[in-house]
Amino acid sequence: MSTPDEQTPHRYTAALAGAIETAWQDRWEERGTFHAPNPAGSLADPDAAAAYPGGSLLVLDMFPYPSGAGLHVGHPLGYIATDVYARYHRMLGKNVLHCLGYDAFGLPAEQYAVQTGAHPRTTTQDNIVIMKRQLRRLGLGHDDRRAIETIDPDYYRWTQWIFLQIHNSWYDESAVRPDGGLGRARPIAHLVEQFERGERALPSSEARSWAELSHAERARVLDEYRLAYTSQAPVNWAPGLGTVLSNEEVTNEGRSERGNFPVFKKNLRQWMMRITAYADRLADDLDRVDWPEKVKIMQRNWIGRSTGASVRFPVAGQDAEIEVFTTRPDTLFGATFMVLAPEHPLVDSLVPQGDWPEGTRPAWTGGEAGPGTAVAAYRLAASRKSDVERQVETKVKTGVFTGGWAVNPLSGQRIPVFVADYVLMGYGTGAIMAVPSGDQRDYEFATAFDLDIVPTVEPGPEHDGASAWTGDGLIINSANDEVSLNGLDVTQAKARITAYLEDRGLGEGTVSYKLRDWLFSRQRYWGEPFPIVFDEDGVAHGVPDAMLPVQLPDVPDYSPKTFDPDDNSSEPEPPLSRVQDWVEVDLDLGDGRGPRRFRRETNTMPNWAGSCWYYLRYLDPLNDDALVDAANERYWIGPRGEAVAGAPAGASDPGGVGLYVGGVEHAVLHLLYARFWHKVLHDLGHLSSDEPFRTYFSQGYIQAPAYTDSRGQYVEASEVQEGPGQTFTFQGEPVQREFGKIGKSLKNMVSPDEMYAVYGADTFRLYEMGMGPLEQSKPWETRAIVGSLRFLQRLWRNVIDEDSGQVRVIDAPLDADTARILHRTIDAVRADFGSLGFNTAIARLTELNNALTKLADGVPREAAEALVLMVAPLAPHIAEELWSRLGHPQSLAHAAFPVADPAYLREDRVTCVVQIKGKVRDRLEVPADITEEALRAQVLGLPKVAEATRSGIRTVIVRAPRLVNVVPLEA
RNA sequence: GCGCACGUGGCGGAACUGGCAGACGCGCCAGACUUAGGAUCUGGUGCCUUCGGGUGUGCGGGUUCGAGUCCCGCCGUGCGCACCA
């Protein structure tokens with residue numbers, strides 16, 4: 001190859017960039033440039049930590065899974081952004097902690113192991129090596145001493161320890177928190193004491209006292225309280241994966257998020273996390289963190305808190321009640337029937353023997369001879385439908401009369417009780433009071449089944465008369481001998497009736513949640529073993545802390561037993577259950593009962609476990625005595641003096657990570673789970689902060705063009721030719737372009753390795769940051785990267801003579817124009833860097849760089865050095881190289897970021913826009929401090945203005961010094 | 001269906017509280033240096049134009065001296081939720 005280097009030997013080419021970049025990466029590593037000192041523990045340098053004038057800052061990326069496919073150009077986007085931010089803040093004098101570890105347990109390595117027989121640890125570690133190399137080449141300023149891996153027994157020891165903390169805790173609703181709120185986690189021993197002393201009543205189903213209960217019975221009682229507990233309950237079972245899944249891992253279509261396998265509800269004994277105990281705090285505390293509103297809304301929706309009342313309806317002719325939850329207790333007088341979910345336990349006892357009872361209308365029977373057969377047929381049909389089918393068959397309401405009646409506690413009316421699958425067992429109580437006049441679903445059911453409709457809220461004029469009225473209005477038809485709601489509005493009526501219900505013992509104000517407890521066990525090999533053993537009574541015991549970690553044993557076969565994906569009669573079988581000599585174990589739990597034989601828990605933890613707390617371990621990765629030293633936690637993420645912007649008045653700061661950048665795909669799963677664990681650890685006194693992520697930024701994705709042929713199959717994007725007018729061909733055949741997520745499935749992989757080779761890491765970084773706002777998704781366009789290379793080439797040339805390789809800056813003072821643009825750029829870039837506006841920062845730096853390029857006599861050193869420092873966060877290698885060649889022996893990583901001189905931000909002369917009737921007709925150079933009067937006079941003297949205002953002036957708007965708008969009288 | 005975002009040149013995108021629309025970059029056009037250019041440099045580049053100017057931020061209306069920005073109604077795209085009582 002004939003290269004330009006022959007003519008211009010010191011040009012900034014990809015080859016030179018590569019040499020500079022790897023050299024600086026080596027230097028940074030040798031010097032430990034990005035080591036952030038801790039105040040305490042093994043990485044401590046308290047004096048150094050205290051010496052930072054700007055305090056501390058923790059910058060965090062999503063915990064990556066080391067994929068076997070390697071990185072594509074979309075992956076580094078967030079890493080580069082956090083690196084720029086971290087480097088900028090380092091130059092502002094902060095002790096910045098930025099590092100990256102690996103979320104290394106997970107399904108792909110296990111599936112690969114099943115196929116090849118290679119140990120998942122081997123493939124995982126191979127993948128980590130590849131990923132580390134790719135990331136190192138990017139020049140990220142990470143503290144490599146903190147690169148933890150979840151599969152490291154020294155790490156998962158603490159994952160297991162946290163699990164035991166949670167297992168050994170319960171949520172005491174009446175305990176006062178330091179912030180004054182009610183409810184927090186406490187050690188389970190507290191609860192046991194309360195039971196022993198009789199200070200707390202046992203569950204009402206238990207007639208005996210605590211002392212009378214057996215060991216196993218006590219354990220069962222405690223499981224009702226523990227924050228991590230086992231329960232036999234309907235869970236999501238994916239036979240095709242061979243494992244159960246959490247609700248969050250099941251898609252709307254009722255399939256597994258991973259692998260897209262069908263998911264069935266199955267009753268199984270599984271580990272659960274009592275996240276519901278924290279539902280209120282998880283919802284409320286969103287007000288105290290600085291997150292995108294969109295993500296907060298997603299979490300609030302997932303938690304699904306709604307306030308209302310629970311009301312008990314007596315069953316007619318039986319000593320039984322149906323409890324319902326409603327958000328509209330004000331419409332109680334309009335409840336003309338009730339509906340139970342098909343799975344509701346009360347259904348059987350409601351159905352009378354024999355024929356349809358007196359008062360049954362023809363539409364209610366489903367064509368069956370009696371309620372017994374009708375209900376049985378309906379429940380059977382419902383049970384055969386999957387959740388998906390139930391949801392797909394929308395609109396059309398189905399159901400059948402049970403033959404049973406309840407009594408509306410306010411109106412005293414006998415109302416029929418139906419079974420219908422539009423009522424879900426999983427929400428509220430699985431039963432509703434149906435108010436067809438006030439709820440569209442009930443309205444549809446009532447019209448289909450010939451049921452009475454009693455309006456209780458006066459509809460607005462826009463009401464069509466053929467639907468439910470859900471808006472506000474005055475209450476009507478709502479009075480009995482004791483209470484009247486008539487004439488109230490909805491809000492008043494809710495309050496009045498709730499008080500009445502509570503007074504009469506008919507119900508009470510309650511809060512209901514969509515959030516369910518978190519299913520925490522998986523039937524997989526490649527995950528953290530539970531630190532749990534079971535005794536001969538089946539009682540779960542935590543393994544003593546001293547015996548942690550419970551190491552993951554080697555097994556002959558890594559695969560869980562998988563089944564036909566549609567076979568919902570199958571049962572999970574974890575791989576660890578087949579390792580008999582590991583499962584059976586003799587242990588002394590230290591409870592005074594000596595060594596006994598136990599059976600280990602053979603399920604493993606879900607992938608979320610390791611990623612729920614990794615950011616805490618970053619703070620103190622080598623600590624053997626605690627998951628994180630209290631002083632280190634406080635230093636890096638402790639609560640700050642000031643609450644985040646937008647927090648409610650009087651709110652305290654929760655502390656947490658200073659900046660967390662990641663994709664929106666974690667909005668519910670990871671971010672919710674981590675918040676939950678963090679709050680438990682906070683309640684138990686292990687953490688001073690009570691939120692993990694104080695500031696969260698949701699980044700967009702990089703999408704790349706993908707192409708489909710005439711059959712709709714994806715073709716290799718790199719081999720597609722572009723023709724004129726946005727036409728594309730693959731091997732001569734026309735193909736269609738679309739934009740999508742980069743990856744193997746769309747065959748549009750672009751590797752950062754190619755970019756390093758052709759352009760260098762600095763150019764690549766600059767391009768990714770310059771593409772557009774970080775929060776937006778945007779299309780990748782390889783050919784556009786050359787613009788970023790040109791920028792760096794011009795920067796290089798502004799400092800280095802391309803022929804001689806010598807520094808060519810001049811030691812001359814700045815001329816006025818250069819000084820002005822320099823200081824304006826500093827001012828703008830500081831604002832942009834601080835708010836992650838990297839694309840506009842790059843635009844300003846480009847303007848400055850281009851302006852310096854045009855200086856005929858060479859670039860003054862002062863301007864060159866400031867530009868190099870400002871470019872440093874974005875393109876750190878070339879900046880270090882130029883900084884060093886400019887005569888600075890120290891790395892610029894901790895150099896002070898340029899400060900704008902306000903004197904140059906003021907303008908003495910500005911361009912004033914002269915508008916006539918709002919349209920720009922002229923421009924005027926005027927002093928910046930010109931008075932309104934002077935400006936008006938000057939503008940009115942302009943020939944163009946005089947001409948336009950010959951028939952007179954209606955008004956003149958003067959906004960000195962930038963704008964004057966003259967409105968002439970109409971001719 | 002409900003909720004939330006967002007619609008600006010050929011493309012990615014700028015535009016602070018309403019005040020010069022299109023910063024910066026890609027592409028494109030012209031020129032320079034070159035045996036050569038898919039390198040580099042310089043200049044130009046919203047559209048239309050009779051070269052005066054006209055017009056222009058999805059569409060239609062409104063408020064205003066003035067609207068990409070505010071309000072109302074449509075259309076489109078994306079995301080979230082989806083019988084949640």
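Sequence lines set the chain letters: A, B, ... in the order given, protein chains first and strands last, and positions in each chain run from 1. None of the values given here were measured: they were computed from a predicted structure.
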C1'-based separation of B/C65 from B/G25 [nearest Å]: 37 Å
OP1 or OP2 of B/U40 less than 4.0 angstrom from a side-chain nitrogen or oxygen of A/Gln793, does that happen here? yes
Pairing partner (Watson-Crick or G-U wobble, both distances under 3.5 angstrom) of B/C47: B/G54
Taking only the P atom of each, what is the distance from B/C28 to B/G10 in whole angstrom? 16 Å
Of the nucleotides B/G43, B/C83, B/C41, which one has an atom closest to the side chain of A/Lys854? B/G43
Please determine whether any donor N or O and acceptor N or O are separated by less than 3.5 Å between the side chain of A/Arg783 and the base of B/C26. no
Where do A/Thr398 and A/Ala420 come nearest, in terms of heavy atoms and distance? O-CB, 3.2 Å
Just N and O in the side chain of A/Thr840: are any of them under 4.0 Å from OP1 or OP2 of B/G13? no
Euclidean distance, atom CD of residue A/Glu293 to atom P of B/G3 [Å, nearest integer]: 16 Å
Out of B/A85, B/A14, B/A39, which has the shortest distance to the side chain of A/Arg11? B/A39
Base of B/G13 paired with side chain of A/Gln776 (donor-acceptor, under 3.5 Å): no
Quick check, are the ring centers of A/Tyr707 and A/Phe728 under 6.0 angstrom apart? yes
Give a yes/no answer on whether the side chain of A/Arg959 brings an N or O atom under 4.0 Å of OP1 or OP2 in B/G66. no
Write down the distance between CG (A/Asn839) and P (B/A15), rounded to a whole number of angstrom. 8 Å
Separation between the C1' atoms of B/U55 and B/C71, rounded to whole Å: 25 Å
Between A/Glu508 and A/Ser310, is there a side-chain donor-acceptor contact under 3.5 Å, judged purely by atom types and distance? yes
Quick one: on RNA chain B, does A/Ala843 or A/Thr853 contact a more 5' nucleotide (nearest heavy atom)? A/Ala843
Proximity to the side chain of A/Phe325 - top-ranked nucleotide from B/A21, B/A85, B/G25: B/A85
Is the glycosidic torsion of B/G62 within 90° of 0, making it syn, or is it anti? anti
Reckon A/Val324 touches a base, only the sugar-phosphate, or nothing at all at heavy-atom distances under 4.0 Å? nothing
I want to verify the glycosidic state of B/G66; is it syn or anti under the 90° rule? anti
Phosphate OP1/OP2 of B/G27: any A/Arg790 side-chain N/O under 4.0 Å: yes
Below 6.0 angstrom between ring centroids: does that apply to A/Phe445 and A/Phe418? yes
Determine whether the side chains of A/Thr782 and A/Tyr759 contain a donor N or O and an acceptor N or O closer than 3.5 Å. no
Between A/Ser698 and A/Glu775: side-chain donor-acceptor atoms closer than 3.5 Å: no
Round to the nearest Å and state the distance from A/Lys778 atom NZ to B/A14 atom C1'. 14 Å
Closest listed nucleotide, where the reference is the side chain of A/Gln915 and the choices are B/C41, B/A23, B/G19: B/G19
Applying side-chain hydrogen bond (donor to acceptor under 3.5 Å, both in side chains), run through A/Tyr422 and A/Asp442 and close with a yes or a no. CA-CA 9 Å; A/Tyr422 83 93; A/Asp442 298 343; 2.7 Å; yes
For the residue pair A/Glu665 and A/Tyr701, confirm or rule out a side-chain donor-acceptor distance under 3.5 Å. yes
Identify whether any heavy atom of A/Thr429 sits under 4.0 Å from a base atom; if not, whether one sits that close to sugar-phosphate; answer base, sugar-phosphate or nothing. nothing
Distance, rounded to the nearest Å, where A/Ile785 contributes CD1 and B/A39 contributes P: 14 Å
Take atom CG of A/Asp827 and atom P of B/A23, then tell me their distance rounded to the nearest Å. 21 Å
Minimum-distance nucleotide (side-chain atoms of A/Thr955 versus B/C65, B/C20, B/U40): B/C65
Taking only the side-chain heavy atoms of A/Thr846 (C-beta and beyond), determine which of B/A39, B/G25, B/A23 contains the nearest atom. B/G25
Select one nucleotide: of B/G19, B/U40, B/C24, the one nearest the side-chain heavy atoms of A/Ile957. B/G19
When the distance from OH of A/Tyr12 to P of B/A39 is rounded to whole Å, what number comes out? 18 Å
Which nucleotide, B/U55, B/G19, B/A14, lies nearest any side-chain atom of A/Pro773? B/A14
Return the value, rounded to whole Å, for the distance between atom CD of A/Glu775 and atom P of B/G13. 11 Å
Could you state the atom-to-atom distance from CG of A/Leu963 to P of B/C65 in whole Å? 14 Å
Does any nucleotide pair with B/G10 by Watson-Crick or G-U wobble geometry, both distances under 3.5 Å, and what is it? B/C26
Please determine, for B/U40, whether a Watson-Crick or G-U wobble partner exists with both distances under 3.5 Å, and give it or none. B/A32
Counting only side-chain heavy atoms from C-beta out, which of B/C79, B/A85, B/C26 sits nearest to A/Leu424? B/A85
Please give the distance between the P atoms of B/G68 and B/U57 as a whole number of Å. 7 Å
Which nucleotide in B/G25, B/A85, B/G12 has an atom nearest any side-chain atom of A/Val423: B/A85
State the pairing partner of B/A67; accept Watson-Crick or G-U wobble contacts with both distances under 3.5 Å, and report none otherwise. none
Hey, which of these two, A/Gly918 or A/Arg844, hits RNA chain B nearer its 5' end, going by closest nucleotide? A/Arg844
Using atom P of each nucleotide, how far apart are B/G60 and B/G76 to the nearest Å? 16 Å
Give a yes/no on whether any side-chain N or O of A/Asn301 is located under 4.0 angstrom from OP1 or OP2 of B/A82. no
Partner of B/C2 under the Watson-Crick or G-U wobble criteria, both distances under 3.5 Å, comes out as B/G80
B/C59 pairs with, by Watson-Crick or G-U criteria that keep both distances under 3.5 Å: B/G73
Validation row, ring centre A/Tyr443 to ring centre A/Trp469 under 6.0 Å: no
